[in-house]
Amino acid sequence: MNSFVKRFATLLQREWLQHKIGWIVVTAAPLSVALLVLLVGQVQINLDDGDGVVEFSRVPALVLATAAIVGTGVLSFVLAWFSSLLQTPGLARRDQQQRSIEFWLSLPIGHLPSLAAPMLAHLLLFPLAALGIGMLAGHVVSLLLVARFVGVADWFTLPWGLLSLAWISTLLRAALGLVLATLWLSPIILLVMAASAWLGRWGLPALIAATVVLGNLLDKLYGNAVVWDLGRSLLSNAGHAFVAGRSPAGLRYTQGSDTLELLRAYPGWVAADAWHAVLALGNPLLLLALAVSAGCFALLVLRRRRGP
């Protein structure tokens with residue numbers, strides 16, 4: 001067991017060594033842009049809260065700081081997650097393309113960890129690391145934002161206990177949401193990976209063409225939109241994995257909102273929303289999604305066993 005953990009950790013380290021430059025660039029992009037705009041650019045931003053236009057200079061320092069910290073983290077997370085999703089089709093045939101498949105097959109690692117490690121690193125670990133680092137970097141953005149529009153002294157008097165609880169709640173909620181969303185999207189992700197592994201560069205176009213043809217045939221000839229309905233349901237459940245319900249009226253910021261009360265109520269809403277997202281796992285569609293995912297993963301293992 002200990003040797004397996006070490007080998008798996010080595011596979012994860014391989015992903016870091018191979019992709020660290022791109023990961024660092026993606027993670028640092030929101031902070032770099034924010035610093036460039038705040039330090040060099042002319043910032044004129046207005047917020048429309050539905051009752052009129054609110055200038056940034058009239059927004060409380062607490063709201064600016066919260067938006068900067070959470071916003072920078074969420075933006076880093078979104079960029080990291082979508083960049084990882086774009087890279088996953090190539091993960092299944094990377095070793096063949098790099099002509100290193102014989103080397104990896106010669107090692108006592110096994111096909112399952114060899115496939116699971118890059119998927120874990122790209123689909124979960126990297127986006128979550130980007131979220132945490134982005135939120136920490138958001139503290140720098142919040143300092144500059146508050147200093148520019150309100151006053152630097154106000155930043156040091158903020159209720160950092162409540163702020164920390166808010167961004168930690170967001171971090172934990174996003175982590176749970178990412179895991180659940182990955183489960184819901186797993187059949188799509190693994191279908192694309194399997195098609196790419198077996199058909200190479202033609203895998204994704206072939207899969208798209210086959211889906212469009214099958215979906216239109218069932219819809220037009222038999223009046224059955226099952227393909228489109230399944231796709232919409234998977235995407236909808238993936239979205240609800242991050243936000244299962246609408247924010248209650250008490251959590252909507254307006255000019256007259258009590259910011260401290262909003263921050264106090266936020267962790268409770270996050271916990272309730274997370275519970276609703278977990279309850280959604282009882283949908284029978286998830287069993288179908290996991291079955292399809294298991295079949296696609298088996299195809300990936302079979303393709304890897306065949307070598308070049």
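Each residue takes its place number in the sequence, starting with 1. Predicted model, so just to flag it, every value in this text is computed and none were measured.
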Testing the basics here: between Ala166 and Leu263, what is the closest heavy-atom pair and its distance to 0.1 Å? CB-CD2, 3.8 Å

Quick one, Leu300 and Arg303 - any side-chain contact, counting heavy atoms below 4.5 Å? no

From Leu62 atom CG to Asp154 atom CG, the distance as rounded to the nearest 0.5 Å: 10.5 Å

If you measure from CG on Leu144 to CZ on Phe149, what distance do you get to the nearest 0.5 Å? 11.0 Å

Which pair of heavy atoms, one from Leu171 and one from Met135, lies closest together, and at what distance? N-CE, 4.2 Å

Using 30° and 60° as the class boundaries, would you call the ring planes of Trp160 and His139 parallel, tilted or perpendicular? parallel

How long is the straight-line distance from CG of Leu230 back to CG of Leu288, given to the nearest 0.5 Å? 6.5 Å

Are Ile168 and Phe77 linked, directly or through other ILVMFWY residues, by side chains that come within less than 4.5 angstrom of each other? yes

Approximate separation, where rounding is to 0.5 Å, of Trp184 CH2 and Leu285 CG: 5.0 Å

Answer yes or no: is there a side-chain heavy-atom contact under 4.5 Å between Asn224 and Asp229? no

Compare all side-chain heavy atoms of Leu234 with those of Pro187 and state whether any distance is below 4.5 angstrom. yes

Are Trp167 and Thr72 close enough that some pair of their side-chain heavy atoms sits under 4.5 Å apart? no

Looking at Ser233, is its backbone amide N or carbonyl O close enough to the side chain of Asn237 to form a donor-acceptor pair, meaning the two atoms are under 3.5 Å apart? yes

Under 4.5 Å between side-chain heavy atoms, counting indirect links through other Ile/Leu/Val/Met/Phe/Trp/Tyr residues: same cluster for Ile133 and Leu35 or not? no

By side chain to side chain contact (heavy atoms under 4.5 Å, CB included) - contacts of Leu217 (at least two apart): Val213, Leu221

Per the side chain to side chain contact (heavy atoms under 4.5 Å, CB included) rule, which among Leu183, Ile189, Thr182 passes with Leu185? Ile189

Taken to the nearest 0.5 Å, the spacing of Ser84 OG from Leu124 CG works out to 9.5 Å

Please confirm whether the ring centroid of Trp81 lies under 6.0 Å from the ring centroid of Phe242. yes

Testing the basics here: between Leu199 and Ala206, what is the closest heavy-atom pair and its distance to 0.1 Å? CD1-CB, 3.9 Å

Between Thr66 and Leu163, is there a side-chain heavy-atom distance shorter than 4.5 Å? yes

Determine whether the aromatic ring centres of residues His19 and His122 are separated by less than 6.0 angstrom. yes

Find out if a path of hydrophobic residues (ILVMFWY) with successive side-chain heavy-atom gaps under 4.5 Å connects Leu158 to Leu162. yes

With side-chain contact (heavy atoms from CB on, under 4.5 Å) as the test, would you mind laying out the steps for Thr170 and Arg173 before giving the verdict? CA-CA 5 Å; Thr170 303; Arg173 180 66 185 91; 5.7 Å; no

Taking only residues two or more places apart in sequence or in another chain, which ones pass side chain to side chain donor-acceptor pair (under 3.5 Å) with Ser186? Ser293

Leu178 CG to Leu131 CG distance, which is reported to the nearest 0.5 Å: 9.0 Å

Could you tell me whether the side chain of Met119 reaches within less than 4.5 Å of the side chain of Phe297, counting heavy atoms only? yes

Please name the pair of heavy atoms, one in Ala195 and one in Leu207, separated by the smallest distance, quoted to 0.1 Å. CB-CB, 4.2 Å

Any chance CH2 of Trp228 has more than 12 other-residue heavy atoms, nucleotides or ligands included, within less than 6.0 Å? yes

For Ser169 versus Pro267, what's the shortest heavy-atom pair and its separation? OG-CB, 3.6 Å

Partner of Leu145 under side chain to side chain contact (heavy atoms under 4.5 Å, CB included), chosen from Ile69, Leu64, Val140, Val37: Leu64

Co-members of Trp23 in a cluster of I, L, V, M, F, W and Y side chains, linked at under 4.5 Å: Trp16, Leu17, Ile24, Val26, Leu75, Leu79, Phe126

How far apart are the closest heavy atoms of Thr27 and Ser76, and which atoms are they? O-OG, 3.6 Å

In the structure I gave you, are the side-chain heavy atoms of Phe8 and Leu120 within less than 4.5 Å of one another anywhere? yes

For Arg201, I'd like to know if atom CZ has over 12 heavy atoms of other residues, nucleotides or ligands within 6.0 Å. no

Whether Trp198 side chain and Leu299 backbone form a donor-acceptor pair below 3.5 Å: yes

Is it the case that one hydrophobic cluster holds both Val146 and Leu36, taking links as side-chain heavy atoms less than 4.5 Å apart, direct or via other members? yes

Does Val63 belong to the same Ile/Leu/Val/Met/Phe/Trp/Tyr cluster as Val152, with side-chain heavy atoms less than 4.5 Å apart forming each link? yes

